[in-house]
Amino acid sequence: MDLINRVHDRLGLRTSPPIFFGAAAVIVVFVVTTVAFTSIVDRVFEAASSWLMTNLGWFYVLGVTTFLVFLVGLAVSRFGRVRLGPEEEEPEHSNAAWFAMLFAAGIGTILMFWGVAEPISHFAQPPMQDVEPGSAAAIREAMGFTFYHFGLHTWTIFSLPALAFAYFMYKRNLPPRVSSVFHPILGDRIHGPLGATIDTVAVVGTMFGVAVSVGLGTLQINGGLARLGGIPENRTVQVLLIAVVTAVALVSVAVGLDRGIKRLSNFNIIVAVALLCFVLVTGPTLFLLKGTIESVGHYLQMLPDLAFWNDTINDSGWQNRFTVFYWAWTISWSPFVGIFIARISRGRSIRQFVIGVLAIPVSFSVLWFGIFGWAAFDIERGAPGTLVGPVVEQEDVPGALFVFLENFPWTTAISVVAIGVVIIFFTTSVDSSALVMDMISNGHEERAPTRQRVFWGLCVGVVAATLLGATGEGGLTALQQVIIVVGLPFFALGYFMMYSVLRALKEDAGERPPVRTRRWKRALPPEEAQRRVEEAGGTPEQAALLTKTGTVPMSRPSPQSGGPGGDGGAVRPRATGTGQGQEPARRGTAQHEADGEEE
């Protein structure tokens with residue numbers, strides 16, 4: 001450990017060495033092993049994902065539904081009134097700004113990649129195999145499954161960790177780490193080896209989840225360029241695309257263009273909405289609006305069955321290729337989206353949080369998939385085979401959007417716009433995910449050395465390129481196999497999250513009315529607390545005492561006092577307690593001055 005700490009300091013890092021180097025080691029081992037032993041790695045992931053889908057697919061399906069029931073139950077309970085932050089604090093963002101940021105969180109790549117491909121695939125191959133392909137009943141089933149995959153259940157996967165992060169970050173003032181969520185279970189051990197293991201798994205899982213999103217975006221960009229300019233669809237082109245986009249993201253990280261990236265992201269959202277309006281206006285407008293509204297009713301009617309459906313009778317393997325892949329992919333990068341949602345939701349009650357996070361993004365997803373889906377049905381029913389042929393029969397899922405746009409005016413211009421939207425969506429994903437992974441590894445929200453974020457951004461690009469370019473399987477198949485395996489531990493963590501949040505609420509909440517909760521000291525990771533003591537003039541011995549006992553006498557003899565009794569030379573560390581800067585630094589988690597009493 002001493003060697004790791006020396007390397008850490010020599011590199012000028014400011015993070016937790018076990019988490020940073022542990023996650024980095026896993027990523028390096030994966031990349032090197034995959035490149036050196038491609039066929040063996042393929043067989044391992046193929047066997048593991050096949051076993052998981054066959055034997056534990058039901059666990060993925062049941063898990064997300066359980067999370068949804070838990071969130072709704074928590075929102076309508078008395079704990080729904082608990083505020084995510086100090087009780088007197090108002091929401092940090094207005095409703096309009098909050099809604100806009102929720103709209104932007106985590107849905108860009110999903111909307112662009114699956115907007116056409118998902119509905120038309122289920123239209124041609126009904127998932128339950130109980131209706132005639134291409135029929136009106138197939139349309140209803142296709143839209144029901146599409147809303148199921150990208151509606152309440154997807155945003156439940158984001159909402160559970162987001163709620164847990166928000167509570168423990170802003171109610172108990174713990175570090176922005178996944179391990180902080182387990183404080184009611186582990187106590188101060190979240191700052192030890194067990195906590196570091198949890199956070200290392202979280203960083204690695206987030207890395208793979210975001211890399212899969214980048215991989216999907218790359219496949220789609222390659223598909224669009226192939227139709228527009230005849231650029232071949234192969235691994236070499238895809239790796240080059242990943243390199244270019246990763247380079248752009250790294251530049252934005254390195255030069256600190258936070259405002260520029262935010263403005264670019266907001267501009268991208270406007271362009272995406274404009275693309276939606278273009279399809280609505282230039283397509284059969286009334287047909288699309290009526291069909292979307294009708295599909296909402298079908299979705300709500302089918303939801304109880306879909307939430308527990310496991311393809312038991314047919315056992316066709318369809319659910320493994322779609323539902324299980326979606327749930328594993330989404331939950332693997334839920335820490336990234338979860339921390340983002342937590343940061344913008346400070347000051348809101350749990351009830352406001354659950355309603356807002358589930359209702360706002362889901363409403364837009366329903367609108368997007370409804371309009372694109374019904375427009376695709378209209379095209380296919382008017383000219384059979386136009387979309388089903390290339391997308392389903394030829395399996396050109398990444399090119400689905402561009403085949404679709406060929407049936408609208410100004411095809412070339414609109415396709416270029418669509419490619420630009422995809423590029424910006426996953427460029428900003430690389431940038432922001434690097435920031436979140438850095439936060440998890442360093443344990444605080446203050447600005448850390450830029451080189452750390454550059455490293456994580458570079459890792460995302462390298463892992464994405466490895467998944468697409470250095471595996472024996474086809475691009476989409478390789479992404480599916482890896483993410484199904486990576487997503488499993490996150491589902492297990494989800495159950496612990498539910499228990500931990502509920503236990504924390506019961507520990508902190510008083511009797512009605514009103515709901516009152518204890519106040520917790522601001523905590524920093526031990527290694528950061530030690531650094532700040534040393535920077536304030538303390539000695540390594542004092543820093544060690546701080547870590548061991550939670551307090552340390554910082555007074556030293558001064559020239560004026562001439563002896564140990566003087567206090568003129570008192571040296572105090574930067575505050576790691578409350579925001580007023582008057583409390584002595586504490587080890588890890590805040591300790592109450594009297595058990596069960598408010599501080």
Side-chain angles (χ1 to χ4, degrees), residues 103 107-108 110-127 131-151 220 223-224 227-228 269-302 362-394 396-419 421-422:
F103 161 76
I107 61 176
I110 294 174
L111 298 179
M112 298 299 293
F113 192 88
W114 298 107
V116 174
E118 176 89 359
I120 205 66
S121 295
H122 303 336
F123 172 72
Q125 299 175 344
V131 297
E132 181 183 353
S135 64
I139 290 178
R140 289 192 290 270
E141 187 169 306
M143 293 309 299
F145 269 93
T146 299
F147 288 173
Y148 168 53
H149 286 155
F150 302 106
Q220 189 170 34
R227 291 193 166 271
L228 287 177
I269 294 169
I270 295 172
V271 175
V273 173
L275 179 61
L276 176 69
C277 295
F278 170 79
V279 173
L280 177 63
V281 172
T282 59
T285 305
L286 184 60
F287 177 77
L288 302 185
L289 292 174
K290 290 170 63 177
T292 300
I293 294 173
E294 187 175 307
S295 294
V296 173
H298 294 148
Y299 165 58
L300 295 176
Q301 184 181 6
M302 296 172 64
V362 170
S363 297
F364 185 80
S365 295
V366 164
L367 185 62
W368 182 279
F369 283 99
I371 290 176
F372 275 84
W374 279 91
F377 299 147
D378 180 67
I379 293 170
E380 184 63 29
R381 286 167 69 89
T386 303
L387 294 176
V388 170
V391 176
V392 181
E393 297 174 1
Q394 300 175 24
D396 185 15
V397 175
L401 176 62
F402 303 101
V403 177
F404 170 83
L405 292 175
E406 290 175 357
N407 296 273
F408 289 83
W410 312 313
T411 299
T412 301
I414 299 301
S415 296
V416 170
V417 170
I419 291 174
V421 170
V422 175

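Just so it is clear, the structure is predicted and the values come from calculations on it, not from any experiment. Hydrogens, waters and symmetry mates are skipped; everything else that's a heavy atom, side chains included, is used.
Here Glu406 contributes atom CD and Leu401 contributes atom CG; the two are 10.5 Å apart, rounded to the nearest 0.5 Å. Interatomic distance, Cys277 SG to Ile270 CD1, rounded to the nearest 0.5 Å: 11.5 Å. The line from OG of Ser365 to CH2 of Trp114 is 14.5 Å long, rounded to the nearest 0.5 Å. Atom OG1 of Thr411 sits about 11.0 Å away from atom CZ of Arg227, to the nearest 0.5 Å. The CD atom of Gln125 sits 12.0 Å away from the CD atom of Glu141 when rounded to the nearest 0.5 Å. In this structure, Ser295 OG and Leu367 CG are separated by 11.5 Å, a value rounded to the nearest 0.5 Å.
In this structure, Val392 and Phe123 have side chains that are not in contact, with every pair of non-hydrogen atoms separated by 4.5 Å or more. For the pair Leu276 and Ile371, the minimum side-chain heavy-atom distance is below 4.5 Å. Residues Leu111 and Phe372 have side chains not in contact (no heavy-atom distance under 4.5 Å, counting atoms from C-beta outward). Considering only heavy atoms from C-beta on, Val397 comes within 4.5 Å of Phe113 through its side chain. Using a 4.5 Å heavy-atom cutoff, the side chains of Phe402 and Asp396 are not in contact. Between Ile139 and Trp374 there is a side-chain heavy-atom pair separated by less than 4.5 Å.
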Inset, instruction - Kindly determine whether Phe408 and Ile414 satisfy side-chain contact (heavy atoms from CB on, under 4.5 Å), including the steps that lead there. - result: CA-CA 9 Å; Phe408 289 83; Ile414 299 301; over 6 Å; no
Legend entry - From CA spacing to verdict: side-chain contact (heavy atoms from CB on, under 4.5 Å), Met112, Trp368: CA-CA 10 Å; Met112 298 299 293; Trp368 182 279; 3.9 Å; yes
Legend entry - Trace of the side-chain contact (heavy atoms from CB on, under 4.5 Å) decision for Val417 with Leu275: CA-CA 8 Å; Val417 170; Leu275 179 61; 5.6 Å; no
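Annotation for Pro119 and Met143: closest pair CB-SD, 4.1 Å, computed over non-hydrogen atoms. When all heavy atoms of Thr146 and His122 are compared, the pair lying nearest together is OG1-CD2, 3.9 Å. Among all heavy-atom pairs drawn from Leu405 and Ala418, the shortest one is CD1-CB, 4.1 Å. Closest of all the heavy-atom pairs between Val131 and Ala137 is CG1-CB, 3.6 Å. The minimum heavy-atom distance between Thr292 and Val366, with the atom names listed, is CG2-O, 4.0 Å. Smallest separation of non-hydrogen atoms from Val388 and Ala124: CG1-CB, 3.8 Å.
The ring pair (Phe, Tyr, Trp, His ring centres under 6.0 Å) test with Phe369 is passed by exactly one of Phe150, Phe364, Tyr299: Phe150. Shown are Thr386, Ile379, Val391; of these, the side chain to side chain contact (heavy atoms under 4.5 Å, CB included) with Ile120 is made only by Val391.
There is no side-chain donor-acceptor pair under 3.5 Å between Thr282 and Trp410.
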